[in-house]
Each structure stands twice: as structure tokens, then as C-alpha cells.
Amino acid sequence: MTSRILRTARATRRTPRPRAAAPLGVRLPLVAAAVVAAGLTAACGPSAQPTGAAAPTTAGQPSQSLASATESASAEASPTASATPSASPSASASVGTPAGAPPAPSRAQPAKPAPKPSRTSAAPAPAARIPGPGYDSSADAQKLIDAALRAAKADGRMVLLDFGANWCGNCKAADKVFAQPATASILGASYHLVKVDIGGNSSANSALLRKYSPSGGTYKMPVLVVVSPSGSVRTDTHVTGNPALTSDGLGSFLRQWAS
């Protein structure tokens, strides 16, 4: 009876199956753990702490050996892992014009040239005032001559001095020609006319005659003297003789000495 029980027990006892080798995916973490433990032991030496206690860390000094050991273990644990590929130069380039494409034309508009200013001629100076017929015996002839010279310096006209008398027939004939439109136009455009009375008893006016016509002698009126803006005498009819007291005669004389 006892032997039967033993045989039964031996029959029912199963022979334990041999353990299958752990797959590579399981063994690699174990190897990594063993490498880490070995690295810790080699770097820090035998631990004085009890089993399971955390190793003390010096302040401000990270455990570089632990990081190195971890990287080595990871490399051994994943021998088939590939390195991360570097970014492609074309991938890092910003999106723009494709390679080989012609550059886009610039949108900047060319600067327009500034408009040229219109060329306008200077407005002609207004015509000078022409005194009426006759001679004013009460006028200050010197002041009138000075004012005419100042105006001549400003506008470039000549000064025409007309020495005469109100009772002189030739002087009246000259006044009529001066009033004609053609002659008046030349006078107003080119001269400042000053009439000086020498028919009275004005010693000042007689002195002005001798100043601008110094040759002396007997004067045939009217005496016409052309003076430049600087005050110099250009011509004196007491020396050259009077022109014909007509529109053509006086007009020719005035045009001759206008410039």
C-alpha cells in the first residue's frame, strides 16, 4: 500500500521544465542595470549607507559618472537604434522662390523726375513818367535830377535833361514832339526826363546848365543833355547841335543814346 502511494506520487510529480532563456529585449535592461550599478560602485566606492538608502550628493556637483554610465547602458541596450538624422539644408531654408526660378521683378516704381519750372521772362519795368509841356520855374531842379539818377541806377535807363524856357518857340515845338505816341514810347522806355527852366532869373538852374554843358557861350534852346546812371554826360546838343525838332529827328536822337 505504501509503495503504491509512492509510485502514484512519483507519477503525478511533474518534471520541471527548463527555463527558457530570457528574450534579448528583457536581457538588455538587466545588462543596463548591471552596468549602472557597476558604474556607481566604481565612481563612488563602497557605500557606507545601508542597503536601499540614497547616496548623498555634494551640493553644486552633479553626478557626471551616473549620466555617463546611463548613456553607455542605453547605447548597449539599444544597439539597433539609429542616430537622429540631421535636418536637411533644404528643410531649414525659409520658404521663398524655388531654386532655379527667375527672381521676381521689383515692385518699386522708378522715381519720376521733378517737373521743370516754367521759364517766364521778367516783366518789363513800367514806363517812366513824362512831365507835361512847359517848364516849372518853382521846381527844385537839383532834387529832380538827383531822383532821376537814383531811378536810373535802379532800372538802367538814361537821364535826359531838357534845359529851356516857356517863351522859347523851339522848346514848345520839342514839347509837341515829346507828346506824340511814338516819341513818348521811346522816352518812357529808355529815359527819365527832367525839364529845367533857364528862361527866368534862377541862378541855381543856370549853374546846373553850366555843370552839365560846360562849354559855355551862347546856348540855343532847348539844350538836350543825356546823362548815364553814373552821372556822366554822354552827349550835349550845345556841342553837337540840335536834331530836327520832328518825330523822326528827335526819335532818331533818342534811340541813338538810349543804350
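The basis for the numbers below is simple: all heavy atoms, side chains too, and nothing from hydrogens, waters or symmetry mates. No experiment lies behind these values; they were computed from the predicted model shown.
- Side-chain contact of Ser138 with Asp136: a donor-acceptor pair under 3.5 Å is present, judged by distance alone.
- Summarising the geometry, atom CD1 belonging to Ile186 is positioned 10.5 Å from atom CD belonging to Gln180; distances are rounded to the nearest 0.5 Å.
- Gly199 and Ala165 get closest at one heavy-atom pair: CA-CB, 3.5 Å.
- Between the side chain of Ser206 and the backbone N or O of Ser202, at least one donor-acceptor pair lies under 3.5 Å.
- Residues Ala184 and Ile130 share a closest heavy-atom pair of O-CD1, 3.4 Å.
- Under the 4.5 Å side-chain criterion, counting only non-hydrogen atoms from C-beta, Leu149 is in contact with Val227.
- Between Ile145 and Tyr212, some side-chain heavy-atom pair lies under the 4.5 Å cut-off.
- When all heavy atoms are compared, the tightest approach of Ser215 to Val239 is OG-CG2, 4.0 Å.
- Side-chain contact between Val223 and Val196: absent, with no pair of heavy atoms (C-beta onward) separated by less than 4.5 Å.
- Side-chain N or O atoms of Arg157 include none that pairs as donor or acceptor with a backbone N or O of Ala151 at under 3.5 Å.
- Between Asp162 and Leu193 there is a side-chain heavy-atom pair separated by less than 4.5 Å.
- When the side chains of ILVMFWY residues are joined at heavy-atom separations under 4.5 Å, either directly or via intervening members, Leu161 and Leu245 end up in two distinct hydrophobic clusters.
- Residue Thr246 holds its OG1 atom at 13.0 Å from CZ of Phe253, rounded to the nearest 0.5 Å.
- With Leu224 as reference, Leu250 is the one residue of Thr235, Leu250, Leu254 to meet the side-chain contact (heavy atoms from CB on, under 4.5 Å) rule.
- Applying the side-chain hydrogen bond (donor to acceptor under 3.5 Å, both in side chains) test to pairs two or more places apart or on separate chains, those with a residue in residues 182-199 are Asp155-His192, Asp175-Lys195.
- Of all heavy-atom pairs spanning Asn166 and Lys172, the tightest one is O-CE, 2.9 Å.
- The minimum heavy-atom distance between Val159 and Ala152, with the atom names listed, is CG2-CB, 3.9 Å.
- Interatomic distance, CH2 of Trp257 versus OG of Ser228, reported as 11.5 Å (0.5 Å rounding).
- With rounding to the nearest 0.5 angstrom, the CG atom of Asn205 is 10.5 Å from the CZ atom of Arg210.
- To the nearest 0.5 Å, atom CZ of residue Phe163 and atom OH of residue Tyr135 are 10.5 Å apart.
- Side-chain atoms of Asp236 never come within 3.5 Å of backbone atoms of Ser213 as a donor-acceptor pair (strictly under, hydrogens ignored).
- For Asn242 against Lys220, the heavy-atom pair with the smallest separation is ND2-O, 3.7 Å.
- Residues Pro229 and Met158 form a side-chain contact, since some pair of their non-hydrogen atoms from C-beta on lies under 4.5 Å apart.
- Neither Met221 nor Leu160 shares a network with the other; the hydrophobic side chains, linked directly or stepwise wherever heavy atoms of I, L, V, M, F, W or Y lie under 4.5 Å apart, form separate groups for each.
- Side-chain atoms of Val225 and Thr237, non-hydrogen and from C-beta on, never get closer than 4.5 Å to each other.
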